[in-house]
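By convention here, the first residue in the shown sequence is residue 1. Order of appearance sets the numbers: ligands from 1, and atoms from 1 within every ligand. These values consider heavy atoms only, across backbone and side chains, with no hydrogens, waters or symmetry-generated copies. Just so we're clear, the structure is a prediction, and the values are computed from it rather than from any experiment.
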Amino acid sequence: MEQNKPNGAECSVGSAPRHIAFIMDGNGRWAKKRGMPREYGHVQGAKVFRRIIEYCGDIGIEIVTVYALSTENYAKRPKKEIDTILTLFEEYLTDAERDAPSRDLRVCFIGDRSIFAPDIRERMAALERATMSRKKRLNVAINYGGRTELVAAFNKLIASGKTNVTEADIEAALYTAGCPDPDIIVRTGAEMRLSNFLLWQSAYSELYFTDTLWPDFTESEVDKIIADFKGRKRRYGAAE
Ligand code: FPP
């Protein structure tokens with residue numbers, strides 16, 4: 001049935017995922033266990049983020065999406081913690097700008113950018129433009145919320161004059177327009193929920209939950225997750 005087809009992310013049994021998404025949870029608990037402030041966990045988490053992105057590229061994963069900050073985190077966490085995450089984000093942006101000429105990586109930002117100063121927004125857009133023809137892709141979800149994304153998409157469609165929409169129209173109006181849906185969503189940190197992440201795009205994603213706190217997450221766990229994924233049979237609603 002046409003409507004139940006995933007957005008280009010189909011993989012046959014035994015093949016590696018094209019697109020892995022990570023909910024990088026557990027930074028705060030990791031820091032607390034060490035008697036350190038939560039911000040220390042995010043600093044460590046940012047190092048692991050860089051390593052895991054690099055590794056996924058090295059082993060041929062085409063698309064990686066990371067949940068760096070949700071709209072709910074932004075609204076509800078203390079300013080000091082949010083400022084740390086935004087500083088880590090800006091440091092990543094600076095490094096990505098430096099590496100862009102020599103790296104086969106398209107960098108995209110998904111989320112509500114209104115929290116950023118105009119100069120940061122312009123740098124984000126410039127990096128997206130400069131890397132848009134690269135084959136591998138990283139989506140950084142920052143101030144992202146799945147419901148906010150859907151509301152923005154519907155409003156965009158209404159503003160364009162549409163009175164009747166298709167799945168393809170909605171997909172084209174999302175932050176992730178043109179990007180295949182995630183084959184697998186991995187959440188670290190022992191919680192088993194999606195927390196408003198990629199609500200539309202996760203319709204047929206496999207889910208993987210691990211107790212590992214994000215700052216302890218390793219390349220060998222990525223290998224284990226990929227092996228697990230290869231053993232799963234995806235039916236997209238079809239019979240066995
Ligand atoms: C969830 O852990 C993690 C976050 C809200 C922030 C994730 C940020 C990073 C990994 C570093 C920054 C990376 C970029 C690209 C800017 P939590 O704080 O909810 O942990 P807890 O559940 O143990 O409290």
TODO: Among all protein heavy atoms, pick out the one at the shortest distance from atom 12 (C) of ligand 1; state its residue, atom name and that distance to 0.1 Å.
DONE: Ala46 CB, 4.0 Å

Task: atom 3 (C) of ligand 1 [closest protein heavy-atom partner, distance rounded to 0.1 Å] - done: Met24 O, 3.1 Å

Open item on the list: Using a 6.0 Å cut-off, check whether atom CZ of Arg51 has over 12 heavy atoms from anything other than its own residue.
Closed with: yes

Task: Shortest protein heavy-atom distance from atom 21 (P) of ligand 1, along with the residue and atom involved - done: Arg29 NE, 3.5 Å

- [ ] Do me a favour and list the nearest non-hydrogen protein atom to atom 9 (C) of ligand 1 with residue, atom name and distance?
- [x] Asn27 ND2, 3.6 Å

Open item on the list: Can you list everything that forms a salt bridge (charged side-chain N to carboxylate O under 4.0 Å, His left out) with Arg103? Sequence neighbours excluded, please.
Closed with: Glu54

- [ ] Would you check whether Tyr92 reaches within less than 4.0 Å of ligand 1, judged by its heavy atoms?
- [x] no

- [ ] Indicate yes or no for a side-chain donor-acceptor contact from Arg77 to the backbone of Ile82 under 3.5 Å, with no hydrogens or angles considered.
- [x] no

TODO: Using non-hydrogen atoms of the residue, decide whether Glu91 is closer than 4.0 angstrom to ligand 1.
DONE: no

Task: For atom 4 (C) of ligand 1, the protein heavy atom that lies nearest, with its residue and separation - done: His42 CE1, 3.7 Å

Open item on the list: Among all protein heavy atoms in this structure, tell me which lies nearest to atom 15 (C) of ligand 1, with the distance rounded to 0.1 Å.
Closed with: Phe49 CE2, 3.6 Å

Open item on the list: If the condition is side chain to side chain contact (heavy atoms under 4.5 Å, CB included), which residues does Thr166 pass it with, not counting sequence neighbours?
Closed with: Ala168, Asp169

TODO: Please find out if less than 6.0 Å separates the ring center of Phe49 from that of Trp214.
DONE: no

Open item on the list: I'd like to know if Gly189 contacts ligand 1, where contact means a heavy-atom distance under 4.0 Å to any ligand atom.
Closed with: no

TODO: State yes or no: are the ring centers of Phe109 and Phe89 separated by less than 6.0 Å?
DONE: yes

Open item on the list: Between ligand 1 and Asn73, can you find any atom pair, the residue atom being a heavy atom, that is separated by under 4.0 Å?
Closed with: yes

Task: Minimum non-hydrogen distance to atom 22 (O) of ligand 1, winning option of Asp25, Thr87, Leu69, Ile23 - done: Asp25

- [ ] Consider only side-chain N and O atoms of Asn196 and Tyr67, and report whether a donor and an acceptor are under 3.5 Å apart.
- [x] no

Task: Minimum-distance protein heavy atom relative to atom 14 (C) of ligand 1 - done: Ala68 CB, 3.9 Å

